[in-house]
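Have a look at this one.
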There are 2 protein chains.
Amino acid sequence: MTVTETAPAPVPVRPCFELERQRHRRPRPGGRDRYTISEVAEYAGLSAHTLRWYERIGLMPHVDRSHTGQRRYTERDLDWLDLVGKLRLTGMPVADMVRYAELVRQGASTVAEREQLFLAHREDVRRRIEELRGTLDVLDYKIEIYADARRRASEGA
Amino acid sequence: MTVTETAPAPVPVRPCFELERQRHRRPRPGGRDRYTISEVAEYAGLSAHTLRWYERIGLMPHVDRSHTGQRRYTERDLDWLDLVGKLRLTGMPVADMVRYAELVRQGASTVAEREQLFLAHREDVRRRIEELRGTLDVLDYKIEIYADARRRASEGA
DNA sequence: CGCTTGCCTGGAGTGCACTCCAACTCTCTA
DNA sequence: TAGAGAGTTGGAGTGCACTCCAGGCAAGCG
């Protein structure tokens, strides 16, 4: 039995944090409760493509339609997208968010499971913060080394 | 001109943090300075596949070979992999790490640029930590809501 | 009436970071 | 000397999260 070709852990590739995202948040256009897809895209910092895709994969509650079949989003939808945005920011995989959306659809009986999900995720986020802090130390160390080297070079020593 | 289909920001998809990774770190097998690929894989928590791939894309300094052409890694290579692991943990894109590796190969003249690279990256990491902290608040809030709901339910009120 | 603009759909394409495969060689132990 | 188990290669495949495209419909305006 060889150990070589087994990756020690299943190395998940996950999306990270869109640093720019938050800056693009606009105030909600006055409470008409019938927002078009482009208004929502602007508000949530997502493309219209992505909003439709979220719906396809079950990450949105059912979105209202106008009499001609165009999407009309409500305040509740915007709230939902705010939450999804936060979870996304933490690097939660889309599949997990879809799972959560399913639980919400299933109603009050899934409250305990939803709480568990968030508890587990919170631990994850905390660990990740610690991890990042650890790498900051390495970065500090490296930067100091380079700063020293630069100083020594400019002194012409 | 439509604004709808333009994603407000280029939404980079980046790998995140392998939480399990660090736990798999083994002490370096006694300083023989001629480690095989499977030893290094074990040590670094990467698969042998990935080590070869790192080399192909220029993320490794040139790795020594045995007389039959098998890779033999040195302590320096392990140090390099430690650094790469840390950078990876911060979500630095592989392309950026390759860029850094190139600068190192080019020698002392690139010290200033390397320092810049790390400075910029450190800012990035700091911002990301803040971001995560922000999402922790949302998680706390959600968890409290669910805990309340559960308490109320169990009281049968 | 035609034009522009915004929206619709299913499905194909993209970029990243691996991950694996086939076909082979080399080394070591029984 | 045979076979297991380690290593080698280039290139193809995978999974995720989008991202885009073609082709079409509906409303508003000059």
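Chain letters run A, B, ... following the sequence lines, proteins first and then strands; every chain starts at 1.
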Using the side-chain heavy atoms of B/H49, tell me which of these nucleotides is nearest: D/dT8, C/dT19, D/dA17.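 It is C/dT19.
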Under-4.0 Å salt bridge between B/R71 and B/E55: yes
Taken to the nearest whole Å, CH2/A/W53 to C1'/C/dA12 is 15 Å
Donor-acceptor pair under 3.5 Å: do we get one between B/R56's side chain and the base of D/dG11? yes
Ignoring backbone atoms, test whether B/R88 places a side-chain nitrogen or oxygen under 4.0 Å from the OP1 or OP2 oxygen of C/dC18. yes
To the nearest angstrom, how far is A/I37 atom CD1 from D/dA26 atom C1'?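 Taking atom C1' of D/dA26 as the reference, CD1 of A/I37 is at 16 Å.
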Should the pair B/E102-B/R99 be classified as a salt bridge under the 4.0 Å nitrogen-to-oxygen rule? yes
Please report the distance, rounded to the nearest Å, between CG in B/L87 and C1' in C/dA17. 16 Å
Pair B/Y43-B/D82, side-chain donor/acceptor within less than 3.5 Å: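 Yes, B/D82 and B/Y43 have a side-chain donor paired with an acceptor closer than 3.5 Å.
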Atom CD of A/E55 and atom P of C/dG11: how far apart are they, to the nearest Å?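 In whole Å, C/dG11 P and A/E55 CD are 17 Å from each other.
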For the pair made of CD in A/E42 and C1' in C/dG6, what is the distance, rounded to whole Å? 15 Å
D/dG7 phosphate, OP1 or OP2: any side-chain N/O from B/S66 under 4.0 angstrom?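 It does not, given that no N or O in the side chain of B/S66 lies less than 4.0 Å from OP1 or OP2 of D/dG7.
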Contact nearer the 5' end of DNA chain C, comparing B/T50 with A/G69: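 The residue closer to the strand's 5' end, by nearest nucleotide, is A/G69.
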Any B/T68 side-chain nitrogen or oxygen under 4.0 Å from OP1 or OP2 of C/dT27: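 The answer is yes; a side-chain N or O of B/T68 sits under 4.0 Å from OP1 or OP2.
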To the nearest angstrom, how far is A/M92 atom CE from D/dA17 atom P? 11 Å
Measure CE/B/M97 against P/C/dC16 and give the value in whole Å, please. 13 Å
Only counting residues at least two apart or in another chain, list the ones meeting side chain to side chain contact (heavy atoms under 4.5 Å, CB included) with A/T74. A/D33, A/R76, A/D77
Whole-Å distance between C/dC18 C1' and B/I57 CD1? 10 Å
Within the 4.0 Å heavy-atom criterion, would you say A/R65 contacts the bases, only the backbone, or no part of the nucleic acid? sugar-phosphate
Return no unless some side-chain N or O of A/R71 is found under 4.0 Å from OP1 or OP2 of C/dC7. no
Compare side-chain N and O positions of B/Y54 against OP1 and OP2 of C/dA17 and report whether any pair is under 4.0 Å apart.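 No, no such contact exists.
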Any A/S38 side-chain nitrogen or oxygen under 4.0 Å from OP1 or OP2 of C/dC7: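 Indeed, a polar side-chain atom of A/S38 lies that close.
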For C/dT27, take OP1 and OP2 only and decide whether either is under 4.0 Å from a side-chain N or O of B/H67. yes
Can you list the residues that meet the side chain to side chain donor-acceptor pair (under 3.5 Å) rule with A/E123, with sequence neighbours excluded? A/R126
